[in-house]
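Read through the structure below, which is laid out as structure tokens, and then see the notes.
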Number of protein chains: 2
Amino acid sequence: MKYPNLYKAFNKHIDLPIDVYIDLEDRLIHKKLDKKEFLFREGEVVKYLPFINDGLMINYIVDEDGEEHVIQIRGTGLWLGDLYSFFSDLRTRFNIQTCQPTELLMINHETFDYITKNHPVYEKFFRLNIQEAYVQTLNRIYNLHSATAEERYLELIKNIPDLLDKIPHYLIASYLNIKPQSLSRIRKSHK
Amino acid sequence: MKYPNLYKAFNKHIDLPIDVYIDLEDRLIHKKLDKKEFLFREGEVVKYLPFINDGLMINYIVDEDGEEHVIQIRGTGLWLGDLYSFFSDLRTRFNIQTCQPTELLMINHETFDYITKNHPVYEKFFRLNIQEAYVQTLNRIYNLHSATAEERYLELIKNIPDLLDKIPHYLIASYLNIKPQSLSRIRKSHK
DNA sequence: GTATTTCATTCACCTATGTTAATAGGAACG
DNA sequence: CGTTCCTATTAACATAGGTGAATGAAATAC
């Protein structure tokens with residue numbers, strides 16, 4: 001087994017026989033990105049389902065004023081791409097970029113069709129995987145509604161304690177929906 | 001065909017042969033709710049996939065202070081439930097309530113298993129349906145990040161012009177993540 | 001190794017939205 | 001039919017977070 005992180009990610013949702021896993025593993029596209037490299041950018045059609053085997057990435061949208069809004073931050077063991085663009089063949093609105101050197105495992109359309117056709121358990125996995133992502137974003141909306149910036153900050157560093165060392169503070173601020181100056185202010189009051 | 005709204009909803013994503021549709025239609029659970037009735041509440045395990053055949057509903061979460069936060073507002077022709085609770089058998093965090101007399105068509109587990117097993121096209125539909133819902137919530141997060149309360153209000157009434165007549169303003173305010181007083185203020189400045 | 005850019009922090013000031021309280025209209029209820 | 005509750009609105013004041021500018025530190029480039 002070359003990628004135990006991936007195997008573990010599958011088994012979080014489904015019971016995956018090892019040979020069914022290996023059948024996929026041999027078809028994966030392995031990709032290494034440096035820090036600050038893009039996996040894809042707004043306007044492209046996404047051709048892969050990317051799994052973060054090791055690293056850290058963000059998903060952001062640029063508004064009319066050119067300002068970046070970080071929508072997601074995801075690291076090792078998680079998927080981060082644009083399912084919608086992948087399955088619909090429409091252009092994505094998202095920019096997916098690494099925050100550190102990152103190693104990806106990617107499934108293209110041919111492989112997706114092959115594994116779901118030959119191993120229906122993968123179909124179930126992807127449905128469950130989307131559902132989980134969907135619920136996470138509903139919770140994020142709730143969080144944006146019910147918690148103050150300070151509470152969101154404290155919760156974030158509780159969940160990912162080393163995040164502050166791993167990515168620039170201005171990206172964390174954007175994710176929290178505040179300005180870097182406000183993040184500084186909050187951090188100051190917690191020293 | 002008893003429920004053309006439902007048939008249309010399916011055909012937005014997939015090509016559904018009429019007999020495959022009818023096979024489902026005969027198994028649907030039909031339910032009528034009055035204004036302000038609950039479909040389900042926090043703590044319950046959701047046993048159905050509900051389709052709004054006619055009406056209007058909200059999804060809200062109650063925080064520790066007892067305050068309601070409206071996460072979704074959805075009407076005729078859309079699905080609104082808790083996929084996660086339905087598929088995982090875990091208790092939901094959501095409260096789903098009608099804003100007006102509402103007519104629902106519901107799929108229970110038995111029916112879901114039957115139709116996906118006998119007509120794989122339904123499996124595809126539900127995957128696409130979740131994907132669409134997922135993308136909508138990502139856009140909602142972006143909207144909360146990039147637009148002011150005033151912009152969010154104007155966009156909302158542009159999309160659903162008669163919403164103000166259909167549901168109490170305090171629920172719209174909650175959905176926009178502002179207080180009713182602020183909504184009044186914004187509305188006043190647009191008269 | 002120096003120059004240049006990028007990032008984090010601080011401060012003074014500003015603004016959008018929250019908070020509290022008062023009022024009034026309408027719906028629901030006996 | 002009057003009473004009670006619920007909702008919407010307004011106003012005065014409070015505050016979280018935004019804005020713009022200045023500074024220094026750190027990363028990157030040359």
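By convention in this document, chain letters (A, B, ...) are assigned in the order of the sequence lines, proteins followed by strands, and residues within each chain are numbered from 1.
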Quickly work out the A/Leu176 CG to D/dG17 P distance and round it to whole Å.
-> 11 Å
Give me the ring orientation class for B/Phe86 and B/His109: parallel if the planes are under 30° apart, tilted from 30 to 60°, perpendicular past 60°.
-> parallel
Rounded distance in Å - CZ (A/Arg187) to C1' (C/dC7) | 12 Å
Examine C/dA8: is either OP1 or OP2 under 4.0 Å from a nitrogen or oxygen in the side chain of A/Lys188? Give yes or no.
-> no
Within residues 137-174 of chain B, find the residues that approach DNA chain D with a heavy atom at under 4.0 Å, and present them sorted by residue number.
-> B/Pro168, B/His169, B/Tyr170
Does NZ or CZ of A/Arg127 lie under 6.0 Å from the centre of the six-membered ring of B/Phe87, at an angle within 45° of the ring axis?
-> yes
Mind calculating the distance between CD1 (A/Ile186) and C1' (D/dA16) to the nearest angstrom?
-> 9 Å
Sequence neighbours left out, what passes side-chain contact (heavy atoms from CB on, under 4.5 Å) with A/Lys12? Give chain and number order.
-> A/Glu132
What distance separates B/Asp23 CG from B/Leu16 CG, expressed to the nearest 0.5 Å?
-> 10.5 Å
A/Lys36 NZ - C/dT5 P separation (whole Å) | 16 Å
Go through the steps to decide whether B/Tyr122 and B/Phe112 satisfy the test ring-ring contact (aromatic ring centres under 6.0 Å, His included), and finish with yes or no.
-> CA-CA 9 Å; B/Tyr122 281 117; B/Phe112 181 82; 9.0 Å; no
B/Glu37 and B/Lys31 ion-paired at < 4.0 Å = no
Does B/Arg140 make a cation-pi contact with B/Tyr175 (under 6.0 Å, within 45 degrees of the axis)?
-> yes
Cut-off 3.5 Å, no hydrogens considered: what does the side-chain donor-acceptor table look like for residues 158-166 of chain B, sequence neighbours left out?
| residue | atom | partner | partner atom | Å |
| --- | --- | --- | --- | --- |
| B/Asn159 | ND2 | B/Glu155 | O | 3.4 |
| B/Asp162 | OD2 | B/Lys166 | NZ | 3.3 |

Using 4.0 Å as the upper bound for N to carboxylate O, is an ion pair formed by A/Glu150 and A/Arg187?
-> no
Give me the bend of the helix from C/dG1-D/dC30 to C/dG30-D/dC1, using the axes of the five pairs at each end, rounded to 10°.
-> 50°
Can you find a side-chain donor-acceptor pair between A/Arg27 and A/Asn108 that sits under 3.5 Å?
-> no
Ignoring hydrogens and angles, write down the donor-acceptor pairs under 3.5 Å from the side chains of residues 39-61 of chain A, residues two or more places apart or on other chains.
| residue | atom | partner | partner atom | Å |
| --- | --- | --- | --- | --- |
| A/Glu44 | OE2 | A/Arg41 | N | 3.3 |
| A/Asn53 | ND2 | A/Glu103 | OE2 | 3.3 |
| A/Asn59 | ND2 | A/Gln72 | OE1 | 2.9 |

Let me have a per-nucleotide readout for nucleotides 18-30 of chain D, 5' to 3', with B, S or -, counting only protein heavy atoms under 4.0 Å.
-> BBB----------
